[in-house]
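Keep in mind it's a predicted model, so treat the numbers as computed, not measured. Both backbone and side-chain heavy atoms feed into the values below; hydrogens, waters and symmetry mates do not.
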Amino acid sequence: MKATGIVRRIDDLGRVVIPKEIRRTMRIREGDPLEIYTDKDGEVIFKKYSPMGELSAFATQICETLNKTSGFMAAVSDRDVIIAVSGAAKRDLMDKRLSEGLEHIMESRQVYQYKQSDAQVNIVDGQDKYRVGIAAPIIAEGDVTGCVLFVIAEGAAVLGDTEYKLAQTVAGFLGKQMES
């Protein structure tokens, strides 16, 4: 744990303001759920809660199935990091922070498919070897909770309609799983 040197007081309603710089750095947005942990030493720890994290084992199985079915790398993310990968690149992508470009794709709430005329979008920050081939946002109860991805490496073939429909269907299925 790293000390920030910032001290905040609790108001009369029990609220604490998390400084803007910390929210920006940790990508905590208004309305994001936070888990609260306590320690026997009196520490209170806030951690971003990821409902997709509860489905990580299931997401891994889905990625493996997508990879075997299509022959392309597949990944599933929550709103911040990749939580499951199959087909290669596990070390390069797993638990890595998503790129701003991929976040924008998710916020658009539309399935994105890379075309040769488009600028390529990196999957994760600081790593340009793997790009978004297809990205289908996972929407549960009206909120974007993650994304189903087909990953392409530099110089790889453009993905087709089959992969587009697979990503769209799996994203819809995961969204329904999150709601139940």
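One distance of note links CG of Leu174 with CD of Glu179; it measures 11.5 Å at 0.5 Å rounding. Ile152 contributes atom CD1, which lies 8.0 Å from atom CD1 of Ile123 (distance to the nearest 0.5 angstrom). Here the straight-line distance linking atom CZ of Arg24 with atom CD1 of Ile22 works out to 11.0 Å at 0.5 Å rounding. Atoms CD1 and OG1, from Ile62 and Thr60 in turn, are 9.5 Å apart once rounded to the nearest 0.5 Å. One finds the CD atom of Gln61 at 11.0 Å from the OG atom of Ser86 (value rounded to the nearest 0.5 Å).
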(request) List the steps and the verdict of side-chain contact (heavy atoms from CB on, under 4.5 Å) for Phe72 and Asn67. (result) CA-CA 5 Å; Phe72 292 100; Asn67 175 251; 5.7 Å; no
(request) Carefully, step by step, assess Leu66 and Leu166 under the rule side-chain contact (heavy atoms from CB on, under 4.5 Å). (result) CA-CA 8 Å; Leu66 288 173; Leu166 275 170; 4.1 Å; yes
(message) For a side-chain contact (heavy atoms from CB on, under 4.5 Å) check, start with the C-alpha distance between Arg79 and Met106, then their side-chain angles and the critical distance, and finish with the verdict.
(response) CA-CA 8 Å; Arg79 289 197 40 136; Met106 288 174 24; 4.3 Å; yes
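Residue Arg9 places its CZ atom among 12 or fewer non-hydrogen atoms of other residues, nucleotides or ligands, all under 6.0 Å distant.
The two atoms that bring Ser77 and Ile138 nearest to each other are O-CD1, 4.4 Å, heavy atoms only. Between Ala135 and Val132 the shortest heavy-atom distance is CB-CG1, 3.7 Å. Annotation for Ala136 and Val111: closest pair CB-CG2, 4.0 Å, computed over non-hydrogen atoms. Residues Pro137 and Ala171 come closest through the heavy atom pair O-CB, 3.5 Å.
Under a hydrophobic clustering in which Ile, Leu, Val, Met, Phe, Trp and Tyr are joined whenever their side-chain heavy atoms come within less than 4.5 Å, directly or via other members, Val44 and Ile18 fall into the same cluster. At a threshold of 4.5 Å between side-chain heavy atoms, the hydrophobic network of Ile, Leu, Val, Met, Phe, Trp and Tyr places Phe58 and Ile83 in one connected group. In this structure, Val17 is not a member of the same hydrophobic cluster as Ile6, with clusters built from ILVMFWY side-chain heavy atoms closer than 4.5 Å.
At least one donor-acceptor pair under 3.5 Å links the side chain of Gln113 to the backbone N or O of Leu159. Remark: the backbone N or O of Asp41 is paired with a side-chain donor or acceptor of Asp39 at under 3.5 angstrom. At distances below 3.5 Å, not a single donor-acceptor pair connects side-chain atoms of Gln127 with backbone N or O atoms of Val124. Between the Arg131 side chain and the Tyr114 main chain, no donor and acceptor come within less than 3.5 Å of each other. Side chain of Asp143 to backbone of Thr145: no donor-acceptor contact under 3.5 angstrom is found.
Proximity of Val144 to Arg109: side-chain heavy atoms (C-beta onward) are separated by under 4.5 Å at one or more points. Contact check for Tyr37 versus Lys47: side-chain heavy atoms found under the 4.5 Å cut-off. Residues Tyr130 and Met73 form a side-chain contact, since some pair of their non-hydrogen atoms from C-beta on lies under 4.5 Å apart.
With hydrogens and angles left out, the side-chain atoms of Gln110 and Tyr112 include no donor and acceptor closer than 3.5 Å.
Each of Leu149, Asp95, Asp92 was compared with Ile82 under the side-chain contact (heavy atoms from CB on, under 4.5 Å) criterion, and only Leu149 meets it.
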Throw together a table of side-chain donor-acceptor distances under 3.5 angstrom for residues 96-104, partners on residues two or more places apart or in other chains.
from   : atom 1 : to     : atom 2 : distance (Å)
Lys96  : NZ     : Arg91  : O      : 3.2
Arg97  : NH1    : Thr25  : O      : 3.2
Arg97  : NH2    : Thr25  : O      : 3.3
Ser99  : OG     : Leu102 : N      : 3.1
Ser99  : OG     : Asn122 : O      : 2.6
Glu103 : OE2    : Arg27  : NH1    : 2.6

